[in-house]
Protein chains: 2
Amino acid sequence: MTHASAQHEHDRSVHHSHSSPKGIYLISPSGAVADPPRVEMARARLAELGFRTVLDRAALAIHERFAGTDTQRLAGIARALVQRQPIVMATRGGYGLSRLLSRIDWNAVADSGKIFIGQSDFTAFNLALLARTGACSYAGPTAIFDFGVKKPDALTVDLFLETMRGELEILGFESPDSDPVDARGILWGGNLAMVASLVGTPYLPKIRGGILFFEDISEHPFRVERMLTQLWHAGVLARQKAIVLGSFTDYRLAAIDNGFDLSSVVRWLRQTVKVPVVTGLPYGHVKVKATLPIGRKVGIATEAGMAHLVFEEHF
Amino acid sequence: MTHASAQHEHDRSVHHSHSSPKGIYLISPSGAVADPPRVEMARARLAELGFRTVLDRAALAIHERFAGTDTQRLAGIARALVQRQPIVMATRGGYGLSRLLSRIDWNAVADSGKIFIGQSDFTAFNLALLARTGACSYAGPTAIFDFGVKKPDALTVDLFLETMRGELEILGFESPDSDPVDARGILWGGNLAMVASLVGTPYLPKIRGGILFFEDISEHPFRVERMLTQLWHAGVLARQKAIVLGSFTDYRLAAIDNGFDLSSVVRWLRQTVKVPVVTGLPYGHVKVKATLPIGRKVGIATEAGMAHLVFEEHF
């Protein structure tokens, strides 16, 4: 899948008073870090951007495919709440948060006032926090994937920095085949497999009139459709004001698909659910990704082949 | 994964009065039939077993990866309700029932009195029928997979025939590491991915004190665990009297799994959910499979390395 190149606009004169959080605490709540030098590379890149970083002492632990035992990963999350750095970033995604959800003190997470950010498996954290407390956290870069490289993507970095500074007001992106929409609502979503895996549990936020976004990797379009069908049958999709699609990457079609593809799924979605579908969100398992506030009220509008997510804090 | 060889015991003298349904209507509610000669082979094998078969006129239709458009597959299901053969069998699984669930007249399905049987994607049919009407249907062989071969598995055939005759009283199978259990409850479940995909929707039966069984194919153990976690967090697992595991086949572990395997998942399941786990059910995407009544009250008991499912109709 391709995705549109993102633009971003802001007016520094309006928001110059925002202070910029400059410390990042790195935790590994999901998959094991297979290549520790990439964490060091990420720390070097983040240092170049002006961030001090502190690595949780269990962030490089390994147990089976996980970054430590459940107890170790839970302890890392608990330590993140009481240390001094304002931002808490996941080193990577993978799999591991699902089975921890009932053992995390979500009120303590919310009360910590930290800025939590991650993606993929981290969607479970974003949504459980929102469901249990209403607190906002971020879907966006992870240390290894986005910063543990020689040259981080410039736009991803800019969007991260400006979002952390509270300066990003509008994210515009090419969206040539979006349905017309001009709405406001709570922004939520993330990795589709993780969102679907929370349906029917206490960790899926009950959001009406929201702006719901999805991305995924290595999921065949029939699986994407089956997950969307679950959200449809559960009544989740029809309650939203817009469904926003990021990148769906790295899946393989087979001869038996016989023309069935992700575009068939999007067509089916539009026929089935009477909610505007917006495509082209720069988000997913791709280099160029926005930093998105999960649980914050945003605006969304399409016009002339572009879509705009509006992050002004007060509507 | 290995599975135990199944045994079956019955006393024909007790049940000789049962009449035997001898006509099968074949429908394709899910994936396209890629190899029509295998349907003919299945019909030949079923004829050798004394069954007349009638092929629905859309059973070989193809649309994208599906056995016809949604309208065609829905029409096939509707025709199955009003034709004369007592058994309605799916030609195969695949993917396709999920998005039809809200367009099927479940009361008409239940009122038809037909004996529905299939597996894999057909789990959505079994469970939606049970959820919407309380009616029983069967998880078991499909035409192509189990009969569209030169020599159908003898035990699978016997279990199918005896179940259709209402003669099978007890299904015993080797289960050396099962938890001790002696319980009665509604038998339900099927393909784990399909069961999980129904959580939070109107198509998951609300069953307390049930005997819940699972199988799956091509699902990595971390996905199996994530699906079980969804059922756990949704409160489904804790309400059951037993969790019964069939075969989990055709997945690939990677170096990063680092010792994590299906056995890790079963261990985690036992630690997490205080419900007896029974292993070794002869059911799944494997040659030897039982024919199981979804929605019927059954007994389950373990003793001396064996597990027994008891199908007597009146407790």
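Labels below follow one simple rule: chain letters A, B, ... track the order of the sequence lines, proteins then strands, and each chain is numbered from 1.
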On a heavy-atom basis, the closest approach of Trp232(A) and Arg99(B) is CZ3-O, 4.0 Å

Which atoms of Met194(B) approach chain A - backbone, side chain, both or neither, heavy atom under 4.5 Å: side chain

Name the option with the most non-hydrogen atom pairs under 4.5 Å to chain B; the candidates are Asp257(A), Ile256(A), Leu101(A), Val236(A). Asp257(A)

To the nearest 0.5 Å, tell me how far Leu100(B) CG sits from Thr229(A) OG1. 9.5 Å

Less than 4.5 Å apart, any side-chain heavy atom of Arg65(A) and any of Asn258(B)? no

How far apart are the closest heavy atoms of Arg223(A) and Ser218(B), and which atoms are they? NH2-O, 4.0 Å

Check Arg226(A) against Ala193(B) and note the closest heavy-atom contact, atom names and distance. NH2-CB, 3.7 Å

Under 4.5 Å from any heavy atom of chain A, what part of Ser197(B) do you find: side chain, backbone, both or neither? both

Please report the closest heavy-atom contact between Ser98(B) and His233(A), naming both atoms and the distance. O-CE1, 2.9 Å

Tell me whether the rings of Phe260(B) and Tyr95(A) are parallel (<30°), tilted (30 to 60°) or perpendicular (>60°). tilted

Would the distance check show the side chain of Gln230(B) and the main-chain N or O of Thr201(A) forming a donor-acceptor pair, the cut-off being under 3.5 Å? no

With a 4.5 angstrom heavy-atom cut-off, could you sort out which part of Leu198(B) is near chain A: side chain, backbone, both or neither? backbone

